[in-house]
There are 2 protein chains.
Amino acid sequence: MVINMGIAERKEKEKQQMRERILETAKRLFIEDGFDKVTIRAIAERIEYSPATIYLYFKDKNEILLALHAEGFERFYKLQQIILPIRDPWKRLREHGRIYISFALENPEYYDLMFIMRGPVRELKAKKEWSAGMRSFEFLKENVKACMDAGYIQRTDLDVAAFAIWSFTHGIASLVIRDRTANFPERLLPEIIEGALDFMMRGILKKNSK
Amino acid sequence: MVINMGIAERKEKEKQQMRERILETAKRLFIEDGFDKVTIRAIAERIEYSPATIYLYFKDKNEILLALHAEGFERFYKLQQIILPIRDPWKRLREHGRIYISFALENPEYYDLMFIMRGPVRELKAKKEWSAGMRSFEFLKENVKACMDAGYIQRTDLDVAAFAIWSFTHGIASLVIRDRTANFPERLLPEIIEGALDFMMRGILKKNSK
DNA sequence: TTAATTTAATAAACATAGTTTAGTAAAAAG
DNA sequence: CTTTTTACTAAACTATGTTTATTAAATTAA
């Protein structure tokens with residue numbers, strides 16, 4: 001009995017380790033060679049198991065993708081934290097916008113997976129898995145609220161205002177990532193983005209405030 | 001000789017007709033059953049030819065998708081025209097935004113193809129094929145310019161301002177279409193969208209105007 | 001009219017995916 | 001030492017885009 005328990009425990013640990021190995025490999029493939037290289041077969045080859053084995057640890061490919069999804073939100077959330085020391089809510093919000101876009105443009109594959117791709121957000125589990133995304137949205141809301149409290153932004157429904165700002169930055173990011181900015185010469189793009197960010201932020205700003 | 005010319009002509013016409021048939025079929029499949037149903041094999045089956053035949057008329061699937069792409073822009077452009085009778089530039093721009101979003105939400109498959117999907121916008125040909133998109137962007141620019149001229153919007157680089165507005169509406173559309181709005185209860189979504197549109201438009205509006 | 005040639009079309013195959021099934025060998029339990 | 005459970009995999013299945021080799025028909029040339 002004592003022995004049995006030990007074996008069961010060890011087996012459980014091994015199972016977890018295998019899951020980890022698969023996820024790690026998926027992540028490495030993703031970062032090194034881009035999203036397209038994350039195939040079940042490619043993962044299997046790297047860990048030197050057969051493709052079928054993967055299915056003993058994950059229901060399907062989607063379940064693996066969700067791990068990358070989560071990883072992306074982790075990075076994203078961490079990066080966002082650097083605005084915390086900024087005292088002035090308005091400056092903080094501005095910086096938040098800038099950081100959002102630079103995360104997207106510097107980690108396009110992650111951003112794509114997190115906010116653009118069809119795959120990884122599933123109908124049923126969506127509510128739970130999307131919680132990582134919600135956390136970031138809540139973070140934005142806090143920031144927006146601080147701006148309202150300080151009189152920088154017209155008081156409006158918080159969800160509405162935050163959604164508007166999110167839509168805007170996401171719009172820029174996704175147009176660039178999915179290559180719909182061919183109208184502009186490549187080299188001008190950075191300053192157009194910067195300009196657009198300015199334009200909108202200036203707009204949101206209440207007129208009588210500084 | 002005269003006969004030969006006639007045959008060559010007829011053959012050319014037949015070739016064009018076949019191209020048309022393929023495109024029509026692709027379009028019908030797309031509208032009836034959604035994007036996923038547009039497979040080479042499905043098209044082939046409908047026109048009662050072998051899949052290989054399609055490749056005698058189109059280089060690859062992308063070339064067929066581009067036709068849907070163009071079709072989408074045609075619809076989009078036509079729909080936009082209904083704002084033309086609106087005299088006041090500001091009201092016109094507001095309505096432009098509303099129409100943009102309702103096109104996206106009522107024709108999500110088209111919108112996706114036009115502004116979100118990776119496939120149909122190709123590296124090299126992009127410049128030419130994207131011209132349909134540019135036309136719509138120019139249309140927006142005219143509208144924005146009218147608002148600046150009438151003093152509704154702070155004078156800014158026209159490309160920058162138009163890009164900002166486009167990014168915003170595209171952001172809303174693409175978040176909804178790609179299902180990143182799970183934070184909000186489904187039934188509230190319409191008013192949140194409406195509210196966000198309001199919020200941003202009110203922002204852009206110059207403070208001393210009306 | 002008949003032979004040679006060009007053209008249109010396709011069957012079959014290839015390549016690449018995700019995924020499932022049936023079977024095997026090793027580990028664990030009895 | 002036998003039975004059962006577990007971990008794993010080879011092979012196959014489905015579905016897709018695409019290519020190749022071949023055939024049948026239409027056209028041209030004799």
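A quick note: this is a predicted structure, and the numbers were derived from the prediction, not measured. Numbers restart at 1 for each chain; the letters A, B, ... are given by sequence-line order, proteins then strands.
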Problem - B/Lys141/B/Glu138 ion pair, N-O < 4.0 Å - result: yes
Exercise for the section: May I ask you to check whether B/Tyr100 and B/Tyr111 place their ring centers less than 6.0 Å from one another? Expected result: yes
Problem - Nearest-angstrom distance from the residue atom CD1 of B/Ile43 to P of D/dT18 - result: 11 Å
Exercise for the section: State whether A/Arg98 and A/Glu95 are salt-bridged, where the test is any N-O pair (Lys NZ or Arg NE/NH1/NH2 against Asp/Glu carboxylate O) under 4.0 Å. Expected result: yes
Completion exercise
Rounded to whole Å, CD of B/Glu12 lies from P of D/dT27 at a distance of 14 Å
Exercise for the section: At under 4.0 Å between heavy atoms, which parts of nucleotides 5-11 of chain D does protein reach? Answer with one letter per nucleotide, 5' to 3': B base, S sugar-phosphate only, - none. Expected result: -SSBBB-
Problem - Atom-to-atom span, CD of A/Glu45 to P of C/dA17 - whole angstrom - result: 10 Å
Problem - Whole-Å distance separating the OH atom of A/Tyr55 from the C1' atom of C/dA17 - result: 9 Å
Practice task
Report the relative orientation of the aromatic rings in A/Phe30 and A/Tyr110; use parallel for angles under 30°, tilted for 30 to 60°, perpendicular for over 60°.
Solution key: perpendicular
Practice task
Write down the distance between NZ (A/Lys61) and C1' (C/dT20), rounded to a whole number of angstrom.
Solution key: 17 Å
Practice task
Applying ring pair (Phe, Tyr, Trp, His ring centres under 6.0 Å) between A/His96 and each of A/Trp166, A/Phe103, A/Phe139, report the one that passes.
Solution key: A/Phe139
Handout entry: Distance in angstrom units between A/Glu9 CD and C/dA28 P, rounded
Key = 14 Å
Completion exercise
The correct set of residues in residues 31-42 of chain B placing a heavy atom under 4.0 Å from DNA chain C is B/Arg41
Completion exercise
Whole-Å distance, B/Glu14 CD to D/dA26 C1', equals 11 Å
Practice task
Starting at atom CD1 of B/Ile64, determine the distance to atom C1' of D/dG17, rounded to an integer number of angstrom.
Solution key: 11 Å
Practice task
Indicate yes or no: at least one non-hydrogen side-chain atom of B/Leu140 is less than 4.5 angstrom from one of B/Leu93.
Solution key: yes
Completion exercise
Of all heavy-atom pairs linking A/Arg178 and A/Asp112, the shortest is NH2-OD1, 2.6 Å
Handout entry: Aromatic ring proximity, centroids under 6.0 angstrom, B/Phe184 and A/Phe137
Key = yes
Completion exercise
salt bridge (Lys or Arg N to Asp or Glu O under 4.0 Å) test vs B/Glu71 passes for just one of B/Lys27, B/Lys78, B/Arg28, namely B/Lys27
